[in-house]
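Below is one structure, written out as structure tokens; comments come after it.
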Amino acid sequence: MKKLVILISGRGSNMEAIVRAAIPGAKIAAVIANKPTAAGLAFARAHGIEAEVVDHTAYADRDAFDNALAIAIDRHEPDLVVLAGFMRVLGDAFVRRYEGRMINIHPSLLPSFPGLHTHRKAIESGVRLHGATVHFVTPTLDCGPIIAQAAVPVGADDTEASLAAKVLVQEHVIYPQAVRWFVEGRLRVEGNRVTVIDADLPSDGWMVPLPDA
Ligand code: GAR
């Protein structure tokens, strides 16, 4: 059984999608939030998952917070740390500690639009395709080896909110899928490239859903 710790900052809908996927061989050991107000904590508790808060405002600096977070995570001895809408930048030492066993979902087709306000940037830049990326976490923000991506069309009438909603639907598909591949030991990383061994659907880590009819 592979143990997962999921980190959230707010709503936690990606965490919820992973919990609901009930991935064989995966046990969600804990959900940890950096904010006591994170709405996802209630869902985790209601599903019998240990839910904790490591409040970043209680720590003097990033290193102190990262250390406290690492202690909270390591108590569960996870095989995989899953960042699911976790909105704190993590220091290099923290990231190296979990190298190869920490993944993130980002709401853009990386390497386009790292950082915040990805949907606004997509609209302003005029791209026709936008989407979401699941990747291994490395010290450079939103830059690690890509495991899965899903694309959505950007319509002329799309707003930041409508685009975010379309992307989120795909996030909930590719994140549980990527976690499952990790749990099944199917991911091989060479440099910045990830190969999915015997990938089932969707194709080797990418999908382009059909636009709404
Ligand atoms: C998701 O759209 C996720 O991709 C994004 O925050 C949202 C969290 O939603 N993450 C980032 O922007 C990380 N840089 P959720 O709390 O409902 O999963």
Side-chain angles (χ1 to χ4, degrees), residues 4-21 23 28 30-47 49 51-56 62 65-66 69 80-91 94-95 98 102-125 127 129-152 154 158-179 205-207 209:
L4 274 53
V5 168
I6 305 181
L7 306 188
I8 64 169
S9 292
R11 179 177 57 187
S13 70
N14 277 289
M15 175 270 296
E16 197 175 321
I18 292 165
V19 171
R20 289 193 193 283
I23 296 162
I28 318 283
V31 170
I32 302 176
N34 66 308
K35 290 182 181 178
T37 53
L41 290 166
F43 173 88
R45 290 193 183 112
H47 286 73
I49 299 165
E52 310 163 37
V53 177
V54 180
D55 185 346
H56 67 273
R62 181 180 295 164
F65 170 68
D66 284 3
L69 185 59
L80 180 65
V81 177
V82 179
L83 307 185
F86 188 71
M87 303 306 280
R88 300 297 298 173
V89 173
L90 297 161
F94 182 97
V95 170
Y98 299 105
M102 181 159 66
I103 62 176
N104 179 48
I105 189 153
H106 183 76
S108 78
L109 289 173
L110 289 172
S112 290
F113 317 131
L116 299 173
H117 311 303
T118 56
H119 309 302
R120 187 191 312 164
K121 288 173 186 166
I123 290 170
E124 285 173 359
S125 71
V127 292
L129 289 172
H130 181 46
T133 302
V134 180
H135 64 96
F136 282 102
V137 178
T138 56
T140 308
L141 187 71
D142 300 330
C143 231
I146 291 170
I147 301 166
Q149 291 189 306
V152 301
V154 182
D158 264 316
T159 62
E160 232 178 300
S162 69
L163 203 47
K166 281 199 279 194
V167 169
L168 194 65
V169 170
Q170 300 310 319
E171 292 186 39
H172 296 167
V173 175
I174 60 171
Y175 215 2
Q177 174 84 65
V179 170
W206 60 265
M207 61 182 294

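Every number for a ligand or one of its atoms is a count from 1 in the order of the listing. Just so you know, these numbers come straight off a predicted model, no measurement behind them.
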> How are the rings of His56 and Phe65 set to each other: parallel, tilted or perpendicular (split at 30° and 60°)?
Replying inline: perpendicular
> Counting only heavy atoms not in Lys121, do more than 12 fall under 6.0 Å of its NZ?
Replying inline: yes
> For ligand 1, which atoms sit closer than 4.0 Å to a heavy atom of Pro107?
Replying inline: 4 (O), 5 (C), 10 (N), 11 (C), 12 (O)
> Is the shortest distance from a heavy atom of Met15 to ligand 1 less than 4.0 Å?
Replying inline: no
>> My understanding is that only residues two or more places apart in sequence, or in another chain, count here; which of them pass salt bridge (Lys or Arg N to Asp or Glu O under 4.0 Å) with Arg45?
In response: none
>> Could you work out, for atom 6 (O) of ligand 1, the closest of Ala39, Ala132, Gly85 by heavy-atom distance?
In response: Gly85
>> Quick test: of every protein heavy atom, which one is nearest to atom 14 (N) of ligand 1, and how far off is it to 0.1 Å?
In response: His106 ND1, 3.6 Å
> Do Arg62 and Phe94 have side chains that get closer than 4.5 Å, going by heavy atoms?
Replying inline: no
>> Within the 4.5 Å heavy-atom criterion, are Leu4 and Val179 side-chain neighbours or not?
In response: yes
> Do any nitrogen or oxygen atoms of Asp142 lie less than 3.5 angstrom from nitrogen or oxygen atoms of ligand 1?
Replying inline: no
> What part of Glu16, side chain from CB on, backbone N/CA/C/O, both or neither, has a heavy atom under 4.0 Å from ligand 1?
Replying inline: neither
> Is there a nitrogen or oxygen of Asn104 sitting under 3.5 Å from a nitrogen or oxygen of ligand 1?
Replying inline: no
>> Need the ligand 1 atom indices (1-based, order shown) with element for anything under 4.0 Å from a heavy-atom of Ile105.
In response: 4 (O), 10 (N), 13 (C)
> Which residue owns the protein heavy atom closest to atom 16 (O) of ligand 1, what's the atom, and how far is it?
Replying inline: Gly12 N, 2.8 Å
> In this structure, which one of Leu129, Val169, Leu109, Leu163 forms a side-chain contact (heavy atoms from CB on, under 4.5 Å) with Val152?
Replying inline: Leu163
>> Heavy atoms only, cut-off 4.0 Å: how does Glu171 contact ligand 1, side chain, backbone, both, or neither?
In response: side chain
> In the protein, which heavy atom is nearest to atom 15 (P) of ligand 1, and how far is it?
Replying inline: Ser13 N, 3.4 Å
> Would a distance-only check, ignoring hydrogens and angles, find a side-chain to backbone donor-acceptor pair under 3.5 Å from Asp66 to Gly91?
Replying inline: yes
> Are His106 and His135 an aromatic pair by the rule of ring centers under 6.0 Å?
Replying inline: no
